[in-house]
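Comments concern the structure below.
Computed over heavy atoms, backbone and side chain alike; hydrogens, waters and symmetry mates excluded. Numbers restart at 1 for each chain; the letters A, B, ... are given by sequence-line order, proteins then strands.
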Amino acid sequence: MKKRTYNNPVGVGKYTGLLLITPFIAGFLLFTLYPFAASFLLGLTDYDGVHPPQFIGFENYRELLADSELHDAALVTIKYTLILVPLKLIISLFAAMLLNLEVKGIGIYRTAFYVPSILGANLAVVIMWQFLFTSGGLVNQLIGLTGADAVSWYGDSRYALVTIILLRLWEFGSAMVLFLNALRDVPKEYYDAAKVDGCGGVRSFFAITLPMLKNVIFLNLVLQTIAAMQEFNAPYMLTGGGPMRSTYTIGMMIYNEMFRYHDAGTANAVSWLLFLCITAAVLILFRLTGRNREDSI
Amino acid sequence: MKDKLLKLAAFCCAVTLSACGGRTNKTVTAPDGKLDPCTIRFSWWGGDDRHEATLEAIKLWNSRHPEIVITPEYGGWDGWTEKTAAQIGGGTAPDIMQINYDWLVTLSPDGKGFYDLDRLADQLDLSGFDEDVLSFGRVDGLLNAVTVSVCGRGPFYNSQTYESLGASFPETWDDLLALGETMRGSDKYPIDLDIQSGFTAWYLSVVYIQQKTGRNLITMDGELGFTVEDIEAALDFYKSLEDSHAVRTVKEHTDQDGNSALYQSSEFISGRVAGVLEWGSSVGKYEMVLPEGALKAGPLLADENGNNSGWMIKPSLLYAISANTEHPDEAAAFMDFMLNDSECAEILGTTRGIPSSEYAEKSLENSEKLAGLVLENHEMLEAADTVTISPYMELDRMKEFYNTAIEKVSYGTEDTHTAAQEMYDAMSSYLEKIRK
């Protein structure tokens with residue numbers, strides 16, 4: 001059989017492809033791989049950012065494993081992730097289903113639901129959260145109307161983490177967009193056929209919608225887990241990690257070690273521990289959900 | 001192939017570690033005694049009063065030296081240390097920086113972290129400074145920074161709240177405790193203490209113990225001066241302030257203000273919290289949020305015999321030049337302008353405290369701008385038997401130890417004895433590590 005040949009009207013040479021991806025490769029080497037390798041090496045040093053780093057092997061890791069600060073931060077991070085991620089997936093899926101309805105002006109609603117995700121935990125949002133959750137804030141005023149006692153949102157270590165979780169739940173837009181996109185790909189005929197067979201809304205949801213969204217649910221689960229385990233901004237801005245370290249995440253610990261305590265060795269070692277934890281969490285998620293995903297359409 | 005990969009890995013390791021330590025190897029630009037056209041960056045932290053005055057001063061400089069453009073970088077105190085440390089670590093520090101006293105320990109432990117200002121005598125006139133004041137900025141004999149002003153914390157009160165309650169400012173520790181009980185009925189507080197970056201809760205407790213024992217918390221060379229018993233007594237004292245309603249508990253404070261600074265808190269602005277423990281050089285931001293003239297300096301709290309020793313002073317802030325600057329002469333000339341120039345001094349007023357430069361102080365005197373809360377606080381501290389704060393006291397890790405202990409005592413999760421022992425152990429081991 002004669003080998004097919006193609007014309008090359010724009011003169012693409014042998015190395016053109018390589019040349020075209022060079023900016024990405026350079027960026028990846030410089031801004032991802034280099035910091036990644038440097039971070040690991042710095043984690044093996046005693047480095048204050050002023051004197052040259054001194055190689056100390058795994059001493060930072062040995063000290064960290066016995067450090068109560070890391071234990072506290074790890075517990076908070078795990079608790080935060082375990083509460084936030086499932087709630088966020090449920091809320092974003094629910095919102096996506098609502099926004100998938102054919103209603104007049106749905107584009108405006110979709111935009112409005114997505115806006116909080118763009119805002120992030122910036123200063124304006126933090127001020128709004130202060131206004132909502134401080135002791136005389138709007139939320140407590142509303143609670144007061146019901147006759148119930150005001151809640152100590154920031155001062156009580158049981159509730160402080162809740163304010164941060166609520167902030168991140170409010171920012172469900174990115175997960176919602178993925179769900180919405182997947183929902184729009186589900187053929188309507190499936191629902192019509194189910195309806196003819198006498199299948200109700202709830203049954204359709206569990207028998208059609210959820211199975212069809214398996215891959216997107218998994219994708220969101222992984223993305224949201226990674227983001228939650230890296231949480232820094234919201235507790236830093238809202239609570240400073242308090243009270244009693246109840247909102248002190250591993251992300252905050254890395255920041256403190258690096259920029260407040262000038263201990264770059266420890267900060268990088270914690271970063272690598274976090275990286276290993278995230279990798280482990282993602283592998284577990286793959287293992288737990290792998291079989292189901294293989295079945296998906 | 002395996003050999004090549006190993007060589008490549010070894011090369012990468014060497015490059016990485018050498019890049020990490022590279023900042024200290026950079027050649028320092030030598031002064032040439034001339035002022036060339038350039039752009040230099042100047043950074044500072046502060047409140048709005050300081051920002052506005054400094055921007056005005058920069059305008060004046062630019063009108064006199066249009067060829068040397070000053071780019072301002074400024075913001076609030078929270079996060080400023082971290083930002084500057086990152087800039088210095090990354091070799092992108094501004095040419096001139098307003099620095100805090102403890103940064104000399106952390107960022108220039110060998111005196112080479114900042115430019116040696118003695119080399120810039122052609123542009124920087126330091127004849128208006130006492131040698132004692134200049135010595136605050138010397139590290140290993142090298143002049144790393146120049147003290148802008150010397151100041152200390154003192155109590156400032158909202159006189160309108162006090163007048164409305166018919167109360168007078170406390171003069172002794174007992175007065176403060178009694179005042180708390182008096183204000184309990186009206187749900188107001190005579191003063192506020194916190195566990196934020198200013199660590200005022202621990203600061204006031206330290207003053208109390210230093211006054212009582214004559215021992216300093218930390219010596220100038222970083223030795224712990226307090227015993228476990230002293231720390232326990234300080235924590236007991238703090239708890240007594242909370243119990244007597246002299247200050248809000250940590251929980252109330254956090255609930256009401258969240259993570260906001262006190263001068264941004266509605267509790268302070270409304271007058272419910274009627275006092276603050278603040279540096280004389282920074283009190284302007286509290287003054288600005290209250291009705292004009294409402295904030296007044298209170299006496300330094302004393303024991304029943306009138307002994308008001310134990311209060312602390314330090315260089316409120318210093319100016320330093322980056323070791324990496326490419327424009328040392330121009331940076332020094334601008335620093336000289338900020339420190340000594342009479343017109344500039346009048347613009348800046350007391351937004352950075354009472355100037356340590358004799359020339360700037362004279363200008364303020366002549367223009368009758370040496371007045372107000374800063375001066376009152378300054379005079380009170382000058383009249384008292386003060387203690388110079390050790391630069392080790394304000395290190396962030398140390399603040400974490402103080403605030404953790406105060407928080408545990410306030411929330412009742414630990415008794416003062418246990419919290420004191422933990423704090424003592426943590427401080428001892430950290431100081432030993434950092435002194436090396």
Handout entry: From B/T106 atom OG1 to A/D263 atom CG, the distance as rounded to the nearest 0.5 Å
Key = 12.5 Å

Practice task
Check A/M258, A/R260, A/H262 against B/E82 for a side-chain contact (heavy atoms from CB on, under 4.5 Å) and give me the one that passes.
Solution key: A/R260

Handout entry: Portion of A/E257 that has a non-hydrogen atom of chain B nearer than 4.5 angstrom
Key =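 Contact with chain B involves the side chain of A/E257 alone.
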
Fill in the blank from the handout: Cut-off 4.5 Å, heavy atoms of chain B, and the answer for A/F40 is neither

Handout entry: Any donor-acceptor N/O pair, B/Q256 side chain to A/S135 backbone, under 3.5 Å
Key = no

Closest heavy-atom pair and its distance - [X], [Y]:
{"X": "A/P243", "Y": "B/Y411", "value": "CB-OH, 3.2 Å"}
{"X": "A/F259", "Y": "B/A85", "value": "O-CB, 4.2 Å"}
{"X": "B/N259", "Y": "A/L238", "value": "CB-O, 3.2 Å"}

Handout entry: Contact check, side chains of B/T404 and A/M244, non-hydrogen atoms, under 4.5 Å
Key =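 Not touching, per the 4.5 Å side-chain cut-off.
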
Practice task
Please examine the side chains of B/S260 and A/Q130, heavy atoms only from C-beta on, and report whether any two atoms are closer than 4.5 Å.
Solution key: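 A side-chain contact under 4.5 Å exists here.
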
Do you know which of [options] has the most heavy-atom pairs under 4.5 Å to chain A?
{"options": "B/K112, B/E407, B/K83", "result": "B/E407"}
{"options": "B/G79, B/S108, B/G258", "result": "B/G258"}
{"options": "B/D396, B/N403, B/I195", "result": "B/D396"}

Handout entry: Greater than 12 external heavy atoms within 6.0 Å of A/D149's CG
Key = no

Problem - Option in A/G240, A/A160, A/G136 with maximal non-hydrogen atom pairs under 4.5 Å from chain B - result: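 When all of A/G240, A/A160, A/G136 are compared, A/G240 has the most.
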
Exercise for the section: May I ask you to check whether B/D255 and A/S152 show a side-chain donor-acceptor distance below 3.5 Å? Expected result: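 On atom types as modelled, these side chains qualify, holding a pair under 3.5 Å.
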
Problem - Proximal component of B/D257, with respect to chain A [non-hydrogen, under 4.5 Å] - result: backbone

Handout entry: Interchain contact, B/K408 with chain A, by part (heavy-atom threshold 4.5 Å)
Key = both

